[in-house]
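Numbers restart at 1 for each chain; the letters A, B, ... are given by sequence-line order, proteins then strands. Note that the structure is a prediction, hence the values are computed from the model and not measured.
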Amino acid sequence: MDIRDLVPAVEAVVFAAARPLDANQIAEILETESAAVQEALATLQFSCDEQNRGVFLEHVAGGYQLRTRPQFAEYLRRLGRRRPFRFSRAALETLAIIAYRQPVTRPDIEYLRGVDSGSVLKTLIEKHLVRILGKKDVPGKPMIYGTTPAFLELFGLPDLASLPTLQEFSELMDEGFAAETDDSLRDETEEQTPMPANGS
Amino acid sequence: MDIRDLVPAVEAVVFAAARPLDANQIAEILETESAAVQEALATLQFSCDEQNRGVFLEHVAGGYQLRTRPQFAEYLRRLGRRRPFRFSRAALETLAIIAYRQPVTRPDIEYLRGVDSGSVLKTLIEKHLVRILGKKDVPGKPMIYGTTPAFLELFGLPDLASLPTLQEFSELMDEGFAAETDDSLRDETEEQTPMPANGS
Amino acid sequence: MEPYQIHLENFTGPLDLLLHLIRKHEMDIYDIPIADVTSQYLAILDAMQTLNLDIAGEFLLMAATLVHIKSKMLLPKIAEEDTAEEEEDPRAELVRRLLEYQKYKEAAATLDERPKLNLDVFDRYAPEPEAQEKSDGGFAEVSLFDLLAALREVLSQNPEPSFHTVDMDRLSVADRINLILERLQGEQSIAFNDLFSGTIERGDIIVTFLATLELVRMRLIRLMQNARFGTIWLMAAVEVGAGELKIGEEHFGYS
């Protein structure tokens, strides 16, 4: 299949698939090379942006999916397709901790948050955003938790490595409190720079 | 909304809608005139054809819908066949009993489930999640079932000892249904399927 | 309504409340005026108590921690050089936790700003495919949660007390049983001692022993010994014809 035919074929497959598909999966369906599909995906992504289309190609949860542009959100909510998740701050905090620290135990989460997190954890599991990964090989064998592909899909992330970088304070921690009155240190840490927005 | 914005907006609405929508319905969602939507639909239809896209706008009973081009039908049928195996409740129950109770016989499973489990067992064996471990030296020489390495792989577990115990799970699940419970969650659970609603 | 009730609901926990106080009063997080922050924190709890509002245990625990830090700060510093070096600032642990918490709080806010599926962006409406038992596309995502929920459900309908206490040991034994039966496939017999080759850990030995006993009890294997103190041999209790376990055998080489 030449590239001129491949781009619409890839579009059709991505359009028809219920879940994000990666280049290998698409290549298998179209009986072609993964590299060619990769190229076609790039072309499709570009032309969605270029041709002022209502949808864009998002790299999400290890695959590709067509999604409507965020600027139409207000109208599309009126379609009443599915009730969206409404996160409490507690749920978001817990989800962030699990996303960045996985595999993580419930006591770890609770130490970081300073509050009991059982019911929040339960809700996140029931919403299939968090899953039980198994057990930690330490005394007491606590259950360990991590995020699901649905978490990546919800937030439009290609993979966990694409999570926005955490504001890192650990360097400072290592130096301990001997240096706490050191002004140069304070300057560095006081700039509460918000994390990169990381537009998707 | 001017026509340049209206075309992608119409595309987004048609793309995301659960069923075909007519110009009036789209106009209502986009808070604009039906005539303008009609014009945008014509532009969209034209550009789908013109820009060599994998989908086209079809006027079907009751409205407009984006569909994949017929020439890709063969590939898309393949996509349909690739549909992943979804666990029925019976399959999940049987698998859970085997996982936690192995080595186990078919009568043991059926005693716990209260129903014939032969065909479910067969499916699980065909799916390489369950295997015959051997035969019991008692009258009838019943077969003994256990899980396979593929079972562990599916659930991302290093070994069976890493399966959370029912007690640990129950402790988490019996956490008070406090403030975290909301309606979207309740909708999901009422469906009676213990599986993720969208398989992700 | 009372301002403090609204207040409480706005905070996810004591760390969140403390961070708020530190920011509001423009305190230096690396040099927290512990007396000030403690009195402000306690004032909020007092006000809530006056209104007969339930205060979560974690908030009270933090109050105790703050008072404790405050009292330690009031103790005269020991002058001697050697001890002074080892002594950590009493606030250090709290500061570490606050900074760590703040990191995730901000991460949560950043996450929340992203366009979310079904709220800000929409995928194509694809109706749920019917459950398909015949397919070649691998498995739909299924989680341990689903497995455990199914187990819990089936057991709640059919209570059998002994079954409810599936514990780790039992599952470790199940692992070993699988291993032993796997080794017996295609072998006439295996030496009991060979089951322990390479095993040094006491727990491992016990698990292997229990697995062997369980297999004998279930009449899945037989043990044979030719002479007193001779080698003990394990063999399948039932000879399995070559064709019979064909399906089973395939599973070892899953791809």
As an exercise, state the distance from [atom1] of [X] to [atom2] of [Y], rounded to the nearest 0.5 Å.
| X | Y | atom1 | atom2 | answer |
| --- | --- | --- | --- | --- |
| Leu172(B) | Arg106(A) | CG | CZ | 6.0 Å |
| Phe169(B) | Ile132(A) | CZ | CD1 | 5.5 Å |
| Lys141(A) | Glu168(B) | NZ | CD | 10.5 Å |
| Ser162(B) | Leu133(A) | OG | CG | 11.0 Å |

Check this for me: Glu33(A), atom CD, are more than 12 non-hydrogen atoms of other residues, nucleotides or ligands nearer than 6.0 Å? no
Flag yes if more than 12 heavy atoms outside Phe46(A) fall under 6.0 Å of its CZ atom; otherwise flag no.
->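 Not more than 12 within 6.0 Å, no.
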So, do [X] and [Y] sit near enough that their side-chain heavy atoms are less than 4.5 Å apart?
| X | Y | answer |
| --- | --- | --- |
| Asp5(B) | Phe72(A) | no |
| Leu79(A) | Ile29(B) | yes |
| Arg53(B) | Pro8(A) | no |
| Leu76(B) | Val13(A) | yes |
| Arg78(B) | Glu31(A) | yes |

Best-contacting candidate, [options], against chain A by heavy atom pairs under 4.5 angstrom:
| options | value |
| --- | --- |
| Leu44(B), Asn52(B), Val55(B) | Asn52(B) |
| Ala16(B), Pro164(B), Pro158(B), Ala17(B) | Ala16(B) |
| Glu28(B), Glu11(B), Gln25(B) | Glu11(B) |

Residues Ala12(A) and Gly54(B): closest non-hydrogen pair is CB-O, 3.8 Å
For residues 62-71 of chain A, give me every residue with a non-hydrogen atom less than 4.5 Å from any non-hydrogen atom of chain B.
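Residues in range: Leu66(A), Arg67(A), Thr68(A).
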Exam field: side chain Lys122(A) to backbone Met173(B), donor-acceptor pair closer than 3.5 Å
yes
Would you check, one step at a time, whether the test side chain to side chain contact (heavy atoms under 4.5 Å, CB included) holds for Leu30(B) with Glu74(A)? CA-CA 9 Å; Leu30(B) 295 173; Glu74(A) 187 199 331; over 6 Å; no
Which portion of Leu121(A) sits near chain B, non-hydrogen atoms under 4.5 angstrom: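 Only the side chain of Leu121(A) comes within 4.5 Å of chain B.
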